[in-house]
Amino acid sequence: MAVCGVALACGFPLYWASFDSAWLGRSYTKSYMRFELLGLTGSVALFVWAGIRLRSLAGQGGLGAKAAVLIPLVTGLYFVTYVSEYSYRTYDYGAYQNAAERLLKGEGLYDGKPPYLYPPLTAQAMAAAYRWVESAPELTGRIQHRPGLDSLNFTAEKDVWNSVFYYYRCVLLLLVGLAYAASYQFSRRLGVPEVAAHALVAAILIFDNPLLRTLRWNQVNLWVLDLSLLGLLWARRRPILAGLSIAVAIHVKLYPLVLWGALTVARFWKLSLAAVAGVLFLIASQTGFFSDWDHWEGFFAFLPTFPWEHNIRNNNFFGILFNLLWLGLGIDPLDFESWIRGAAMALVLAASAWFTWRFLQRESAFRRREVSASSAPPEELRLFGHGADALAFGLVAASSVWEHHYVLAIPLALFAVATRGRERPVAVALAILLAIVVPTFDVFPLSYHRMLGLAMLLVLTSPPALYATRSD
């Protein structure tokens, strides 16, 4: 039933907008009408869901049970409004679409501008969506060319891409819902009470500036977050599904390779093997069973040229050192660029050693059955601690860390609240405020607040702090 409701809420606006009707108006273009109608159908779907849930609670439970319905409802309405109001093609989305267009023409994925930065899967999925919409206009609600259309530049190809973009935005909206559900389960399994977990997740998502930037710029970080969270939630109970989830995440971005490595060393063998099998299966399907490596060769050729960003809002070690010389000390950093890269790599190696030490401490505490001061079960404390660290590592080690990447800090923020929230509420709140709540701006050195908040969260959740209370 829920699947049917989601399909109707997302699919009906696109099909509905393809008709001319006197009672169906619009304030913007014909293609944007789809998003306005999504505001209607998405809201109706949420209210129907909430009504069914509340009716099932009639005479049962108290305010807490009703709050567990109303909080997700309000959160869902917030994000339906955001997507229906702010759905425009951006530079990042242009990179994905241009790569898909090159793929459809038989050209290289990594040869165009704006540059495509990721493994082939995202562009291939978008190209497949184009083929599907093009082949089934009666199912996808494409606007047929007829007199009176707004744009004199209307073409069937543009209309297909308009529909693909609409579906892309719907998927992003659904991924927000999945992030809510997965984050809620993540919090509950760390011992956070039901209503408190709903309130915590709703607050973190609604006030999460990186999440809003991810939605605004049409980024793919939500795929990485959701698939990684599913991998962690399923790791002990459904290891095969967990491994496959992480495998898909690796094909979206390479960050989850660290998560796979951590869980492999932690002896989640079934998960690890399933992830390897999933990665190889996807590569086989992309390469004609390992016979055509053109796209992957292009990706690996592009990888060493990945840009070292030094924009002020980009929280990476290279950019911080670059701007420290330029804006802090008045020294031309271009004269020392190779030295800056070397120093940045040294900092990445130092951070890698720290994360490795944290991993070993957490494993040691678990195997020695040390007792944590938090109410989280030892198995979950170990597993989710490894996972939160693995996702946070990408925010420390990458050569480019834009603000939207910090959606990957959500598990660490939840982990900090669940394990240290009662003991250090002010410190935890301040760290989350700096890492994911404060808006984006370019002011040196204040724009490095996200890395400062992340460092605070890591210190607060360090294994020695969590296992300070020990059993006899």
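Just one of Y32, F35, F12 meets the ring-ring contact (aromatic ring centres under 6.0 Å, His included) condition when paired with Y166; it is F35. Across W223, W296, F281, a single residue satisfies ring-ring contact (aromatic ring centres under 6.0 Å, His included) together with H251, and that is W296. Among the candidates Y168, Y93, Y130, the single residue satisfying the ring-ring contact (aromatic ring centres under 6.0 Å, His included) test with W161 is Y130.
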Next item on the list: Could you check R169 against S87 for side-chain hydrogen bond (donor to acceptor under 3.5 Å, both in side chains), going step by step and ending with a plain yes or no?
Entry: CA-CA 7 Å; R169 293 293 290 178; S87 289; 3.0 Å; yes
Notebook entry, point to check: Would S400 and W308 count as a side chain to side chain contact (heavy atoms under 4.5 Å, CB included) if you check the C-alpha gap in whole Å, the side-chain angles of each, and the deciding distance to 0.1 Å?
Noted result: CA-CA 6 Å; S400 179; W308 292 67; over 6 Å; no
Notebook entry, point to check: Going through the distances and angles, do E363 and H386 end up as a side-chain hydrogen bond (donor to acceptor under 3.5 Å, both in side chains)?
Noted result: CA-CA 9 Å; E363 280 292 293; H386 288 339; 2.8 Å; yes
Margin query: Set out, in order, the CA-CA distance, both residues' side-chain angles and the distance that settles side chain to side chain contact (heavy atoms under 4.5 Å, CB included) for L457 and I432, then state yes or no.
Written below: CA-CA 7 Å; L457 288 172; I432 294 175; 4.0 Å; yes
Next item on the list: Evaluate the side chain to side chain contact (heavy atoms under 4.5 Å, CB included) criterion for residues Y180 and V176: first the C-alpha distance (whole Å), next the side-chain angles of each, then the deciding distance (0.1 Å), finally the verdict.
Entry: CA-CA 6 Å; Y180 185 104; V176 174; 5.8 Å; no
Item checked: Trace of the side chain to side chain contact (heavy atoms under 4.5 Å, CB included) decision for E36 with S84 -> CA-CA 5 Å; E36 293 185 328; S84 66; over 6 Å; no
Margin query: Run the side-chain hydrogen bond (donor to acceptor under 3.5 Å, both in side chains) test on N316 and S399 for me, step by step, so that the C-alpha distance in whole Å, both residues' side-chain angles and the decisive distance to 0.1 Å come before the verdict.
Written below: CA-CA 6 Å; N316 69 87; S399 61; over 6 Å; no
Item checked: Derivation of the side-chain hydrogen bond (donor to acceptor under 3.5 Å, both in side chains) call for Y96 and Q219 -> CA-CA 10 Å; Y96 313 145; Q219 268 284 343; 3.3 Å; yes
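A donor and an acceptor atom, one from each side chain of N218 and T90, are located under 3.5 Å apart. A donor atom on one side chain and an acceptor atom on the other are found under 3.5 Å apart for K253 and N221.
Rounded to the nearest 0.5 Å, atoms CG (L321) and CD (E337) are 12.0 Å apart. To the nearest 0.5 Å, the span separating CZ on F444 from CZ on R313 amounts to 15.5 Å. Here the CG atom belonging to L211 is positioned 8.5 Å from the CG atom belonging to L225, to the nearest 0.5 angstrom. The distance from atom CG of L412 to atom OG1 of T461, rounded to the nearest 0.5 Å, is 5.0 Å. In this structure, CD1 on I436 lies 8.5 Å from CG on L205, to the nearest 0.5 angstrom. Atom-to-atom distance recorded for L212:CG and Y86:OH is 10.5 Å, nearest 0.5 angstrom.
Here the closest heavy-atom approach between residue L232 and residue F384 is recorded as O-CE2, 3.7 Å. When all heavy atoms of S183 and L414 are compared, the closest pair comes out as CB-CD1, 3.6 Å. For L38 against C10, the heavy-atom pair with the smallest separation is CD1-CA, 4.2 Å. Looking at every heavy atom in both residues, N314 comes nearest to Y448 through O-CE2, 3.8 Å. Pairing each heavy atom of A99 with each of L109, the nearest pair is O-CD2, 3.2 Å. Looking at every heavy atom in both residues, F186 comes nearest to P411 through CE2-O, 3.5 Å.
Considering only heavy atoms from C-beta on, L454 stays 4.5 Å or farther from L434 through its side chain. In this structure, the side chains of L325 and D332 stay at 4.5 Å or more apart for every pair of heavy atoms. With a 4.5 Å cut-off on side-chain heavy atoms, V396 and V348 do not count as touching. The closest side-chain heavy-atom distance from L383 to F268 is below 4.5 Å. At least one side-chain heavy atom of P464 sits less than 4.5 Å from a side-chain heavy atom of Q361. Residues R341 and M345 form no side-chain contact, since every pair of their non-hydrogen atoms from C-beta on lies 4.5 Å or further apart. Contact of the L172 side chain with the V83 side chain is not registered, since no non-hydrogen atoms from C-beta on lie closer than 4.5 Å. Inter-residue side-chain proximity for L347 and I320 is flagged as unmet; no heavy-atom pair is nearer than 4.5 Å.
Within 6.0 Å of OH on Y88 lie more than 12 heavy atoms contributed by other residues, nucleotides or ligands. Within a 6.0 Å sphere centred on CZ of R102, heavy atoms belonging to other residues, nucleotides or ligands number more than 12. Other residues, nucleotides and ligands place more than 12 heavy atoms under 6.0 Å from the CH2 atom of W293. Counted within 6.0 Å of OH on Y82, heavy atoms from surrounding residues, nucleotides or ligands total more than 12; the atom is thus considered enclosed. Atom CZ of F207 sits in a sparse spot, with 12 or fewer heavy atoms from other residues, nucleotides or ligands closer than 6.0 Å.
A donor-acceptor contact shorter than 3.5 Å links the side chain of D292 to the backbone of D294. Of the possible donor and acceptor atoms, one in the side chain of R450 sits under 3.5 Å from a partner among the backbone N and O of A435. With hydrogens and angles ignored, the 3.5 Å screen pairs no side-chain donor or acceptor of N311 with any backbone N or O of G319. Checked by atom type and distance alone, the side chain of T264 never pairs as donor or acceptor with a backbone atom of S272 at under 3.5 Å. In terms of modelled atom types and a separation under 3.5 Å, the side chain of N315 and the main chain of V401 share no donor-acceptor contact. Using a distance-only test at 3.5 Å, with no hydrogens or angles considered, a donor-acceptor pair links the side chain of Y110 to the main chain of Y118. Judged purely by atom type and a 3.5 angstrom limit, S364 has no side-chain atom pairing as donor or acceptor with the backbone of L360. Of the possible donor and acceptor atoms, one in the side chain of R188 sits under 3.5 Å from a partner among the backbone N and O of V192. Side-chain atoms of R189 come within 3.5 Å of backbone N or O of L233 as a donor-acceptor pair. In this structure, S245 contributes its side chain and L227 its backbone to a donor-acceptor pair below 3.5 Å.
Aromatic ring centroids of W132 and Y167 lie under 6.0 Å apart. Ring to ring, F441 and H449 are close: their centroids are under 6.0 angstrom apart.
In this structure, R267 fails the cation-pi test against W269, since its NZ or CZ atom is not both closer than 6.0 Å to the six-membered ring centre and inside 45 degrees of the ring normal. Under the 6.0 Å distance and 45° angle rule, R89 counts as a cation-pi partner of F165.
Between W402 and H404, the ring-plane angle classifies as parallel under the 30° and 60° cut-offs.
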